[in-house]
Structure formats: structure tokens, C-alpha cells
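This chain uses plain numbering: 1 for the first residue, then up along the sequence.
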Amino acid sequence: MIKEYSSINKVSGPLLIVDGVKGVAYAELVKIINDSGEEHMGQVLEAMEDKAVVQVFEGTGGIDTKNTRVRFTGKTMKLGVTREMLGRIFNGKGEPIDGGPQILPEKERDINGDPINPFARHVPEDFIQTGISTIDLMNTLVRGQKLPIFSGAGLPHNMLAAQIVRQAQVRGKGEDFSVVFAAMGITKEEALFFKNEFERTGSLEKVVMFLNLADDPTIERIITPRLALTAAEYLAYDCGMHVLVVLTDMTNYCEALREISAARDEVPGRRGYPGYMYTDLATLYERAGRIKGRKGSITQVPILTMPDDDITHPIPDLTGYITEGQFVLDRGLHMRGIYPPVNVLPSLSRLMNKGIGKGKTREDHSDVSNQIYAAYAHGNEVRDLMAVVGKESLSELDNMYLKFADAFEEKLVKQGFEEDRSIEDSLEIGWSLLKILPAKELKRVHEEYIKKYHTPEGKPEETQAKGLMVPPKEPRKRPNNNMSKAV
């Protein structure tokens, strides 16, 4: 039932306070009409007994308290969805901005989504190949997982996101794969980069883009990721597609939350962010996953820039609690010209072991990844030691680990923006690095794999003659559940 009021009590930032309202519901869609007939869209943020707090998506410019009417539509905000959205570009409100025709929706869906019954969730277990070695080999992305990228100002997270979108695929199953890309608060230059990159590589036809630019209303950033996830849910669960959702930049989204909280005069939490930010982020991240009996899936890769590269900042800290790991971009690697500058030591994919192994990637994948991780960590310890005692004081084995760490960054971490490596390519690079070390140092690899991939062909006896003893596999030592605890 449509209700209209002219009783605006206060305008505060992007919010309107409307008095004397009755029967208004949370998240109800609102039309705000000023005295010149111009319409703004809004949404009920808080409904009290006789008051309503309305957030205005386009901002409150031109709205006065006397001559403006507020019309409560009795409906929640919905997005018209259809498979024809693929290859199209929309603004942060879901309106086409690519010059194409309006969408003729097959269905309309509430942008807040429906909660997924935890019992109906299917365990993510299918490998997604991104073509990037530090992801595929060391921190494998699994279909249905939510795995963020922690970056910093000036680091190439946009390039990495574009490369993932261009190269990501579910191998060997002939299944429909698509990408939903949502950008919040990015510049026009960044938006043009993504658009041109997707068009140049021909990947735009499998992408649905939602763009909220830096000069668009801040409040619009609250609904942009929800629109994107609604489109993703339709493609996944109605069309049976496997959907990769890329959300950038979640820091801008959280800044919009802080602006709304300040306008409502709420008691601030950590660093001024609202105390409910954890819950709000969870409503987005938890829309990823697989559902039993449904063919499709939603995999999320949120991107956030850590203010001052601080991984203990509330945004990455809370994100780490909700998601299943993280990729961490390193400024030191970037300054040395290494792309993508993924630091594998603080990075983690908690569902990696579900999506690798025989029949998924290769039987030696887990052992190779664990051994490379351990060797690289030891190589970094040797670097620190060398800074104290000098290279001349290092042992022969220490020099081998030092060489390994350098080669790891130059050969496996570093790869071209256009370079698409298969998991087999990444594994072969991994074994070529492990050959820098003597076989007796490969304590996390089964003996059968050492004989097959590490020992020079035709000389297994030589290795055995040296008294090769392979102890039982040790568990991979990785950071605890939340990244901030490991820093």
C-alpha cells in the first residue's frame, strides 16, 4: 500500500527523518519528490513507531523539509534479472549505462537475497583455475569459496582482478561459467580500464558489470554489491551457471557505512566504523557458496585496500573472520617489479585441500605446495640472518635456501599480465625450484613423488645411496584463522 507524507523533520547528510508515519517497514523502497517534481529514490533504514529514517541513494541535494513529499511504496528494492544481463554494464543502481536497450526481466528479485539454510550448503570442493601460480598452486581457489584480496593504495589489485576475470575457468567439465563484477567508488579511469580490458580480451560477453564511480552518491555504494549478488544468485541457482563475483573496493563500501552511521549520530565503534559492520559484511560474504541439489555456484573474490597497509585495520580484520582465507599483496615485491606481488606467507586458502589432489589438479599438488611454502619461509629467515652476519657467514645449505627464495619470486611469483598458466605449468615450475635443494631437505614430500619428479632421470640409486630418509608428512604451518592474529 502506497503512503505519502510531507512531514520531513530533518535532513542529515544522506538521511531524511520523516515524522508521523504508520505501517512503514524496514528496507521499504521510498520515492522522494521535491517541489520541482524531481524524484529521488531511497530506502527505509530504520522504522520506529511514528518515525522513519530514510537513506537517499542520489543524495539529499535540492531537498527541503517543507515542500518535499515522501512516498512509501510498500515494496522492497528489487532487481529485474535475466540471462541477457551477460555482456551488459550497469550503474550502481542497476540501470544500463552501455547504450544498450533496457533489460526485459524474466524475474524480479529482492536485492537483500534470501538466507541460505546452513544444512543445504554443499561443501566447496571443485578447483577453479585462475592461471596465476601464486593462487592456483599455493592458495587454491575452490568453487563456492569466498577468498578476498588484501591490497594497499597503489598496488596492482585492479590488474590482478581483471586477469582473474579474464582467465578463471572450471576445468574439464564443459559447464557454463560467468563473472559478476561490481566496483564501488572507483575513478572513471579505473572503470574505463576494466571496460576496455574485458572488451579487448573478449571476456565481456560472460561478464555482468555494475559500476559505482567515485563521483556517484556515496550512499549508492550500499546497494551496488547487493545488486551484483542478486544477479549472481539468479545466474547460479536459476540458470545453473558457475559464477565468480569480484567486489572492489570493499573499503569504499565500509566508508559509506561509516558515513551513514555518523549521520545517524550512532556511537562509533573501532576507528569510527559502526559496531554492526561485521554483521553487515557477513550479509554480503555469506551469499557465496553452493546449495545441495542446485547445479550452479557462487564464488566471491572481494578486494579491499588496507588503509596504511595495516592488516589489523577493522575492515581486513573483520573480513578475515568471515571469509575462508586471503591473498595478501606485498608492497616490497611490487617495488622490486614483481607482478602479481602476492606474498604467499601471510596468504591462505582454508578450503584449498578440498579442491586439489588426484582427479582435481594432480596427486603431488599438496606436497609441492607445502614444501615450497616451508622452503620459502626458511629462505626469508636466511635473508634476515644474512642482514646481521653477512653472506660470507652463511652455510652452503643456507645459500641454497637463499637461492631458492630468490628463484621462487622471480620464476613462480612473477608472471606476465597476459600469461595464463595451467596448474600443470605451475607444478612444473614448482618442481624446478625444489631441485635447487637436495632431496633430503624435501621433508614434506612423499618419497614416490621425489623419485618421480625430483630425482634426475635414470639415477634413483644415487639418491638412495645418499641415505635419503623421508619422514612422515608434517602439517602445513599457516597463519591462524584471522590474519590480524598472525601479525
Side-chain angles (χ1 to χ4, degrees), residues 132-140 330 332-333 336-347 356 361-416 419 421-478:
I132 300 168
S133 294
T134 45
I135 297 176
D136 295 346
L137 178 60
M138 303 300 296
N139 299 281
T140 308
D330 183 82
L333 292 174
R336 286 157 50 197
I338 295 175
Y339 171 86
V342 177
N343 186 348
V344 300
L345 297 182
S347 298
I356 65 174
T361 53
R362 208 168 74 181
E363 72 278 2
D364 59 324
H365 186 160
S366 178
D367 287 9
V368 172
S369 177
N370 289 340
Q371 187 61 64
I372 288 176
Y373 182 90
Y376 182 59
H378 186 66
N380 275 278
E381 292 173 358
V382 174
R383 283 176 175 170
D384 295 338
L385 178 64
M386 183 179 68
V388 177
V389 302
K391 190 171 183 179
E392 296 77 12
S393 301
L394 298 179
S395 68
E396 182 181 355
L397 185 59
D398 285 341
N399 278 297
M400 288 182 181
Y401 275 104
L402 193 62
K403 181 180 178 182
F404 177 91
D406 293 338
F408 172 79
E409 292 172 354
E410 286 296 325
K411 294 182 179 180
L412 193 137
V413 177
K414 188 175 184 179
Q415 67 180 89
E419 188 177 357
R421 296 175 182 169
S422 67
I423 184 59
E424 290 79 13
D425 293 336
S426 296
L427 283 165
E428 291 308 311
I429 294 172
W431 275 111
S432 71
L433 294 172
L434 291 177
K435 289 178 182 179
I436 295 173
L437 304 174
K440 65 181 181 180
E441 288 296 306
L442 308 186
K443 300 175 182 179
R444 288 171 170 78
V445 184
H446 282 92
E447 184 176 351
E448 59 184 293
Y449 303 144
I450 295 176
K451 289 181 178 180
K452 184 175 180 180
Y453 298 106
H454 184 274
T455 305
E457 188 174 353
K459 296 184 180 180
E461 301 83 2
E462 181 181 336
T463 304
Q464 295 300 321
K466 292 181 179 179
L468 171 63
M469 296 294 292
V470 182
K473 285 177 62 180
E474 297 179 25
R476 188 178 197 178
K477 296 180 181 178
R478 284 288 180 104

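- With respect to the salt-bridge test (charged N to carboxylate O, under 4.0 angstrom), the residues E448 and K452 do not qualify.
- Taking the side chain as every heavy atom from C-beta outward, L433 and K411 approach each other to under 4.5 Å.
- For the atom pair L442 CG and I450 CD1, the distance stands at 4.5 Å (nearest 0.5 Å).
- The side-chain hydrogen bond (donor to acceptor under 3.5 Å, both in side chains) search around D330 returns none, not counting sequence neighbours.
- Between N343 and S347, the shortest heavy-atom distance links the atoms O-OG, 2.6 Å.
- Side chains of Y449 and E363: a donor-acceptor N/O pair is absent below 3.5 angstrom, by distance only.
- Distance check, rounded to the nearest 0.5 Å: CD1 of I135 to OG of S426 gives 10.5 Å.
- In terms of the salt bridge (Lys or Arg N to Asp or Glu O under 4.0 Å) criterion, residue partners of E424 (sequence neighbours excluded) are, by chain and number, R171.
- Residues meeting the side-chain hydrogen bond (donor to acceptor under 3.5 Å, both in side chains) test with E428, sequence neighbours left out: R362.
- With a 4.5 Å cut-off on side-chain heavy atoms, W431 and V445 count as touching.
- Shortest non-hydrogen contact noted between M138 and S369 is CE-O, 3.6 Å.
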Check residues 398-408 and write down every donor-acceptor pair under 3.5 Å in which the side-chain atom is one partner and the other belongs to a residue at least two apart or another chain.
| residue | atom | partner | partner atom | Å |
| --- | --- | --- | --- | --- |
| D398 | OD2 | S395 | OG | 3.2 |
| N399 | ND2 | S395 | O | 3.0 |
| Y401 | OH | E441 | OE1 | 2.6 |
| D406 | OD1 | R383 | NH2 | 2.7 |

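- With sequence neighbours left out, R421 forms a salt bridge (Lys or Arg N to Asp or Glu O under 4.0 Å) with E419.
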Residue pair I372, L434: steps toward the side chain to side chain contact (heavy atoms under 4.5 Å, CB included) verdict: CA-CA 7 Å; I372 288 176; L434 291 177; 4.0 Å; yes
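- One finds the OG atom of S133 at 9.0 Å from the CG atom of L427 (value rounded to the nearest 0.5 Å).
- Note that CG of D136 is 10.0 Å distant from CG of D425, once rounded to the nearest 0.5 Å.
- L437 and A375 make their closest contact through CD1-CB, 3.9 Å (heavy atoms, listed as atom of the first residue, atom of the second, distance).
- Under the rule for a side chain to side chain contact (heavy atoms under 4.5 Å, CB included), the partners of E410 that lie at least two apart in sequence or sit in another chain are I338, K414.
- When all heavy atoms are compared, the tightest approach of Q415 to I132 is OE1-CA, 3.5 Å.
- Put simply, the side chain of L137 reaches to within 4.5 Å of the side chain of L412, judged on heavy atoms.
- Going from atom CG of L333 over to atom OH of Y339 covers 13.5 Å, rounded to the nearest 0.5 Å.
- Judged by distance alone, with hydrogens and angles left aside, the side-chain atoms of Y376 form no donor-acceptor pair with the main-chain N or O of L345 at under 3.5 Å.
- Of the inter-residue distances, the one linking I356 atom CD1 with S366 atom OG reads 4.5 Å to the nearest 0.5 angstrom.
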